[in-house]
Amino acid sequence: MAYIVDLRSDTVTKPTKAMKHAMVNSALGDDVFGEDPTVNALESKIANMLGKQAALFVPSGTMSNLIAIMVHCNKRGSEAIVGELSHIFRYEQGGASHLGNVMLTTLPNNPDGTFSLAALEARVRGSDIHEPITSLVCIENTHNVCGGKAVPLKWIDELATVCKKHSLPIHMDGARLFNACEYLKESPARVVRDCASVSVCFSKGLSAPVGSALVGSYHFIEQARRVRKMLGGGMRQAGVLAAAALVALDEIVPALSLDHKRAQRLAKIIQGLFLKSFSVDPDSQHTNIVLVRIPPESPLTSDVVLQRLEQVCLAETQGNCKTPDDEGVIVKGISFNSKTIRFTLHHDIDDEALWLAIMKITYVFKELDAARK
């Protein structure tokens, strides 16, 4: 059987031995009644780490973002301003509009995940009765579609100044917040200082099996708890899941720099192949995401490349691209668009798995590049 290196996402990670032990031995209660001691411990810990008053454990980051939007935009005719490449806009099925009756207004994202603050200020509405009421600004950190970029702290500070001027709260989709903090070398509390609410994912990059936290003020979390119940997010004896998240904060967060280093290694090796059909930019790569670009004029598409990476030919098993049992290597990635491939490094990819992935990617990229000369 071929050796599989799964670089599709950092959500494919499995819980560690320490997490499994903690899950089996966790103290439990009914979280909807506020009586699960493990959930309470997690909520207190993550709130303290982010410098906020309270937190709420929820099943997913999508639900966490939706709850935040619904709490902040609780008047009819409200709108939230988001980046056009944001996860909230692109990958959450328009839940804010469909379930929350909140209009999403987009601004073009810059390559670093920011957007124009002048354009934001020009978009603020509500003084005219014909307009929706701008009630929230959402940002994403790290920014997924922009290649795992850590949004500049200076820009967040400037954004906060604009939002305070217009009495607008900021919500941060911090699914990979700790990756951003590792890159910026700043504490989580500093990075989210001016955000009224923050969503943090435990199953994306931190190896926990399930769950996110929504963090904010006491009053905000009180309202968020009501919305969570309405959306079906009350999980009763959720300490089984919260226990893994607690371990993740102590065990995985300190090791995120290894994911970043391995991502850099992969990017630099691809760059060093000097192929016409594939390019990367290690200098603009901040965290654990590697974006491989295919030139617009090339007949190759990301789907074709990914399909080839999941195939093993006889020549591979007889050459360098093989495992000790001679069954070959399969590498999985994600197509962002027809000309962009995403590889995501995570805790389950050690140095051996990375090297096997590098051998396979090198072999396939050279093969496809040579075929189109």
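Atoms considered below: every heavy atom in the structure, side chains included; atoms not considered: hydrogens, waters and symmetry mates. Residue numbers count from 1 along this sequence. This is a predicted model, so every value here is computed, not measured.
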Once side-chain contact (heavy atoms from CB on, under 4.5 Å) is applied, do any residues pair with Thr11, and if so which ones, sequence neighbours excluded?
Ser9, Lys204
Going only through I, L, V, M, F, W and Y residues with side-chain contacts under 4.5 Å, is there a path from Ile139 to Val82?
no
All pairs passing salt bridge (charged side-chain N to carboxylate O under 4.0 Å, His left out) where residues 89-102 contributes a residue, at least two apart:
none
Counting N and O atoms only, with roles assigned by atom type, does the side chain of His346 sit under 3.5 Å from a partner on the main chain of Asp348, one being a donor and the other an acceptor?
yes
Can you tell me how far the CD1 atom of Ile361 sits from the CZ atom of Phe278, to the nearest 0.5 Å?
10.0 Å
For Asp283, which residues count as a side-chain contact (heavy atoms from CB on, under 4.5 Å) partner, sequence neighbours excluded?
Asp281
How far does CG of Asn179 sit from CD of Glu182, to the nearest 0.5 angstrom?
8.0 Å
Going from CG on Asp112 to NE2 on His286, what distance comes out if it is rounded to the nearest 0.5 angstrom?
8.0 Å
Less than 4.5 Å apart, any side-chain heavy atom of Thr134 and any of Arg123?
no
Whether Asn25 side chain and His21 backbone form a donor-acceptor pair below 3.5 Å:
yes
Within-4.5 Å side-chain heavy-atom neighbours: Asp369 and Leu273:
no
Cluster check Val151, Ile81: I/L/V/M/F/W/Y, side chain < 4.5 angstrom
yes
The single option from Val12, Asn288, Val331, Leu354 passing side chain to side chain contact (heavy atoms under 4.5 Å, CB included) against Leu7
Val331
Going through the distances and angles, do Arg262 and Asp350 end up as a salt bridge (Lys or Arg N to Asp or Glu O under 4.0 Å)?
CA-CA 9 Å; Arg262 291 183 177 119; Asp350 58 15; over 6 Å; no
Ser78 side chain vs Lys75 backbone, donor-acceptor pair below 3.5 Å:
yes
Whichever hydrophobic residues join Phe33 through chains of side-chain contacts under 4.5 Å:
none
Going by chain and number, the hydrophobic cluster around Leu291 (ILVMFWY, side chain to side chain under 4.5 Å) further includes Leu85, Tyr91, Val145, Ile289, Ile334, Phe336
Rounding to 0.5 Å, atoms SG (Cys201) and CG (Asp173) come to a distance of 9.0 Å
Considering only NZ, NE, NH1 and NH2 on the basic side and carboxylate oxygens on the acidic side, decide whether Asp194 and Lys164 come within less than 4.0 Å.
yes
Hey, could you give me the CD1/CG distance between Ile170 and Leu159, rounded to the nearest 0.5 Å?
4.0 Å
Side-chain polar contacts of residues 96-108 - donor-acceptor pairs under 3.5 angstrom, sequence neighbours left out - could you list them?
{"unit_1": "Ser97", "atom_1": "OG", "unit_2": "Val102", "atom_2": "O", "d": "2.8"}
{"unit_1": "Thr105", "atom_1": "OG1", "unit_2": "Glu79", "atom_2": "OE1", "d": "2.5"}

Could you give all pairs that pass the salt bridge (charged side-chain N to carboxylate O under 4.0 Å, His left out) test and reach residues 299-310, with sequence neighbours left out?
Arg308-Glu316, Arg308-Glu367
Starting from Leu258, walk the hydrophobic network (Ile, Leu, Val, Met, Phe, Trp, Tyr; side-chain heavy atoms closer than 4.5 Å) and list everyone else you reach, by chain and number.
none
For the student: nearest non-hydrogen atoms of Phe202 and Leu206, plus distance
O-CB, 3.2 Å
Within a 6.0 Å radius of atom CD on Glu84, are there more than 12 heavy atoms belonging to other residues, nucleotides or ligands?
yes
Report whether Ile270 and Val329 are members of the same hydrophobic cluster (ILVMFWY, side-chain heavy atoms less than 4.5 Å apart, transitive linking).
yes
According to a 4.5 Å side-chain heavy-atom criterion applied to Ile, Leu, Val, Met, Phe, Trp and Tyr, with indirect links allowed, do Met49 and Val191 form part of one hydrophobic cluster?
yes
Residues which pass side chain to side chain donor-acceptor pair (under 3.5 Å) with Ser217, listed by chain and number, not counting sequence neighbours:
none
Within a radius of less than 6.0 Å around NE2 of His219, do more than 12 heavy atoms belonging to other residues, nucleotides or ligands occur?
no
N/O donor-acceptor pair under 3.5 Å between Asn144 side chain and Gly148 backbone:
no
Apply the test side-chain contact (heavy atoms from CB on, under 4.5 Å) to residues Tyr183 and Thr142: give CA-CA distance (whole Å), side-chain angles for both, the deciding distance (0.1 Å), then the verdict.
CA-CA 10 Å; Tyr183 176 80; Thr142 63; over 6 Å; no
Checking Thr38 now: which residues fulfil side-chain contact (heavy atoms from CB on, under 4.5 Å) with it, not counting sequence neighbours?
Ser26, Ala27, Asp36, Ala242, Ala243, Leu246
Any donor-acceptor N/O pair, Ser44 side chain to Leu42 backbone, under 3.5 Å
no
Could you tell me if the side chain of Gln285 sits less than 4.5 Å from the side chain of Val280, heavy atoms only?
no
One pair to check against side-chain contact (heavy atoms from CB on, under 4.5 Å): Met172 and Glu140. What are the steps and the verdict?
CA-CA 6 Å; Met172 179 183 289; Glu140 186 175 330; over 6 Å; no
Counting N and O atoms only, with roles assigned by atom type, does the side chain of Lys52 sit under 3.5 Å from a partner on the main chain of Cys195, one being a donor and the other an acceptor?
yes
Applying side chain to side chain donor-acceptor pair (under 3.5 Å) to Glu251 and Thr16, what does each step give before you reach the verdict?
CA-CA 9 Å; Glu251 180 185 20; Thr16 65; 2.8 Å; yes
Please table the atom pairs, donor to acceptor, closer than 3.5 Å between any side-chain atom in residues 221-231 and protein atoms at least two apart or in another chain.
{"unit_1": "Arg228", "atom_1": "NH1", "unit_2": "Asp31", "atom_2": "OD2", "d": "3.2"}
{"unit_1": "Arg228", "atom_1": "NH1", "unit_2": "Phe57", "atom_2": "O", "d": "2.7"}
{"unit_1": "Arg228", "atom_1": "NH2", "unit_2": "Asp31", "atom_2": "OD2", "d": "3.3"}

What's the spacing between Asp351 CG and Ile358 CD1 if we round to 0.5 Å?
9.0 Å
Donor-acceptor pair, side chain of Trp155 and main chain of Phe115, under 3.5 angstrom
yes
Side-chain donor-acceptor distances from residues 207-214 under 3.5 Å, at least two apart:
{"unit_1": "Ser212", "atom_1": "OG", "unit_2": "Gly61", "atom_2": "N", "d": "3.1"}

Hphob cluster co-occupancy, Leu50 + Leu256, side-chain heavy atoms under 4.5 angstrom:
yes
Sidechain-backbone polar pair: Gln53 side chain, Gly216 backbone, donor-acceptor under 3.5 Å
no
Under 3.5 Å, side chain of Lys149 to main-chain N/O of Thr114, donor-acceptor pair present?
no
